[in-house]
2 protein chains.
Amino acid sequence: MTVIFSKKCELGLQAVLYLSAFPKNTLFSALEISEKINAPKEFVSKILQTLTTSGIIGSKKGNSGGFFLKIDPGSVRLIDVVSAIDGLDLFRNCVLGFPGCSVDEPCPVHETWGKLRNETYTMLSNQTLAELRDITVNKINSLKK
Amino acid sequence: MTVIFSKKCELGLQAVLYLSAFPKNTLFSALEISEKINAPKEFVSKILQTLTTSGIIGSKKGNSGGFFLKIDPGSVRLIDVVSAIDGLDLFRNCVLGFPGCSVDEPCPVHETWGKLRNETYTMLSNQTLAELRDITVNKINSLKK
DNA sequence: TCTTAATCAGACAAAAAACTCTGAAACAAA
DNA sequence: TTTGTTTCAGAGTTTTTTGTCTGATTAAGA
Ligand code: SF4
Ligand code: SF4
């Protein structure tokens with residue numbers, strides 16, 4: 001069960017985090033990545049393809065080809081991946097699903113949710129992959145097992 | 001597109017909020033409620049049925065029957081509705097979809113997300129429907145149009 | 001040059017979520 | 001007692017999301 005993001009987005013985030021734990025432009029096959037994040041190879045492959053079109057990830061065909069982080073880790077934030085896969089509607093909609101969001105007619109959780117929504121956005125956007133690197137490496141290694 | 005909750009849960013929340021805007025035990029048919037929250041009648045009906053089994057809502061069959069808020073608005077919180085429909089797994093899972101949540105091997109957003117998650121939980125649980133009543137009435141009336 | 005291993009594109013399949021239908025039971029009012 | 005309106009239970013349908021397959025293309029290395 002997902003929390004906020006779609007499965008695609010969760011796996012996309014995990015894959016990008018995995019790649020960011022290694023020097024830029026290091027190649028990994030979809031198989032390697034999928035085994036590491038424990039997800040079906042073809043599905044991971046499809047997700048990485050969409051991230052390729054959005055420019056975050058690069059790909060190389062042929063024998064010993066694979067995927068790699070194309071943008072410098074100092075220039076990619078988690079929100080960029082979310083934006084490329086799920087989009088940013090999440091940060092514009094009402095938690096309770098009410099149609100209009102207006103200051104005049106706020107829903108019962110308007111104020112608190114607005115604040116939490118902004119903080120979530122900040123969480124995903126004010127640190128780059130480079131800044132998250134140490135903790136990411138730690139997490140990735142623990143997945144290995 | 002939903003933000004955190006399923007469509008069922010959003011509509012369940014809206015329906016309960018709607019009922020809480022009126023004196024306890026006031027009957028409304030599924031049709032009336034569905035028109036007000038702008039959703040298919042049968043779907044709303046199904047959702048209210050599940051809330052009936054969980055005890056938050058009561059129902060009365062037959063001519064001039066309908067649904068009504070069964071528990072005192074001073075004793076129901078939004079989290080109770082969420083719990084009855086979507087469950088509370090949401091508040092236990094990782095935003096990034098990583099399997100294990102441990103203090104030893106935190107994911108890159110562990111600390112911030114943990115905090116936001118708790119605040120979201122608090123937002124949904126520290127106010128009763130009775131306390132939200134004024135702002136709810138305001139919101140409900142604006143939906144009328 | 002040939003084999004092998006990889007991405008890519010797009011169709012396809014399965015599963016889950018959202019939504020609908022049908023028939024039965026309850027019951028108020030004519 | 002009959003008629004009309006409602007919930008209820010469960011099956012059925014549709015749509016969306018998730019996941020798979022196939023065949024084409026690319027390229028490294030024997
Ligand atoms: S900001 Fe508040 S009122 Fe506006 S849509 Fe979001 S939760 Fe609803
Ligand atoms: S608390 Fe942090 S590390 Fe643990 S599952 Fe949630 S986001 Fe991941």
Side-chain angles (χ1 to χ4, degrees), chain A residues 1-15 19 25-70 82 84-87 89-90 97, chain B residues 1-15 19 25-35 37-70 82 84-87 89-90 93 97:
Chain A
M1 185 206 245
T2 63
V3 176
I4 307 183
F5 309 125
S6 69
K7 202 81 201 165
K8 276 183 190 172
C9 194
E10 285 187 356
L11 293 176
L13 285 163
Q14 291 181 25
L19 291 177
N25 290 334
T26 312
L27 274 169
F28 289 96
S29 75
L31 181 63
E32 289 174 285
I33 299 172
S34 72
E35 281 173 346
K36 193 62 66 167
I37 67 180
N38 199 40
K41 181 203 157 203
E42 288 83 4
F43 196 34
V44 171
S45 183
K46 266 269 161 275
I47 295 166
L48 291 178
Q49 270 174 46
T50 71
L51 286 176
T52 299
T53 28
S54 82
I56 295 172
I57 280 186
S59 68
K60 184 162 174 288
K61 280 194 184 179
N63 198 327
S64 77
F67 293 96
F68 57 93
L69 193 63
K70 197 176 185 183
V82 172
I85 300 180
D86 274 357
D89 277 357
L90 202 162
Chain B
M1 187 205 245
T2 62
V3 175
I4 307 183
F5 309 126
S6 69
K7 203 81 202 166
K8 277 182 190 173
C9 193
E10 285 186 358
L11 293 175
L13 284 163
Q14 292 182 25
L19 290 178
N25 289 335
T26 312
L27 274 169
F28 289 96
S29 74
L31 180 63
E32 289 175 285
I33 298 173
S34 73
E35 282 173 345
I37 67 180
N38 198 41
K41 181 202 157 207
E42 288 84 3
F43 196 35
V44 170
S45 183
K46 264 273 160 269
I47 296 166
L48 292 178
Q49 271 174 45
T50 71
L51 286 177
T52 300
T53 28
S54 82
I56 294 171
I57 279 185
S59 68
K60 185 163 174 288
K61 280 191 184 180
N63 198 328
S64 77
F67 294 95
F68 58 94
L69 193 63
K70 197 176 184 183
V82 172
I85 300 180
D86 273 358
D89 277 357
L90 203 160
N93 292 142

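Just so it is clear: chains get the letters A, B, ... in the order the sequence lines come, proteins before strands, and each one is counted from 1.
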> Hey, what do you get for CG (A:Leu27) to CD (A:Glu32), rounding to the nearest 0.5 Å?
Replying inline: 9.0 Å
> Can you tell me how far P of D:dT20 sits from CD of A:Gln49, to the nearest Å?
Replying inline: 15 Å
> What is the per-nucleotide protein-contact pattern of nucleotides 18-30 of chain C, from the 5' end, where B denotes a base atom under 4.0 Å from a protein heavy atom, S denotes such proximity for sugar-phosphate atoms only, and - denotes neither?
Replying inline: SBBB----BBB--
>> Please check if the number of heavy atoms outside A:Asn25 that lie under 6.0 Å from its CG is greater than 12.
In response: yes
>> In this structure, how many angstroms lie between the C1' atom of C:dT7 and the CG atom of A:Leu51, rounded?
In response: 15 Å
> Between atom CZ of A:Phe5 and atom CG of A:Leu11, what is the distance when rounded to the nearest 0.5 Å?
Replying inline: 13.0 Å
> What's the CZ-P distance between B:Phe68 and D:dT6, to the nearest Å?
Replying inline: 16 Å
> What is the distance from CE of A:Met1 to C1' of C:dA17, rounded to the nearest Å?
Replying inline: 12 Å
>> How many whole angstroms separate atom CG of B:Leu31 from atom P of D:dT6?
In response: 7 Å
Each nucleotide N or O in nucleotides 14-16 of chain D that has a protein N or O under 3.5 Å away: list the pair and distance.
none

> What are the two closest non-hydrogen atoms of B:Ala39 and B:Val44, and how far apart are they?
Replying inline: CB-CG2, 3.8 Å
> What are the two closest heavy atoms between B:Leu51 and B:Ala84, and how far apart are they?
Replying inline: CD2-CB, 3.9 Å
> Rounded to the Å, how far apart are A:Leu27 CG and D:dA28 P?
Replying inline: 11 Å
> How many angstroms lie between atom OG1 of B:Thr26 and atom CZ of B:Phe67, to the nearest 0.5 angstrom?
Replying inline: 15.0 Å
> If you measure from CD on B:Glu10 to CD1 on B:Ile37, what distance do you get to the nearest 0.5 Å?
Replying inline: 10.5 Å
> Who are the side chain to side chain contact (heavy atoms under 4.5 Å, CB included) partners of B:Leu31, not counting sequence neighbours?
Replying inline: B:Ser29, B:Ser34, B:Glu35, B:Lys41
> Once you round it to whole Å, what is the distance between C1' of D:dG19 and CD1 of A:Ile37?
Replying inline: 14 Å
> Could you state the CG-P distance from B:Leu48 to D:dA9, rounded to the nearest angstrom?
Replying inline: 13 Å
>> To check you understand the geometry: which heavy-atom pair defines the closest contact between B:Ile47 and B:Gly12, and what is its length?
In response: CG2-CA, 3.8 Å
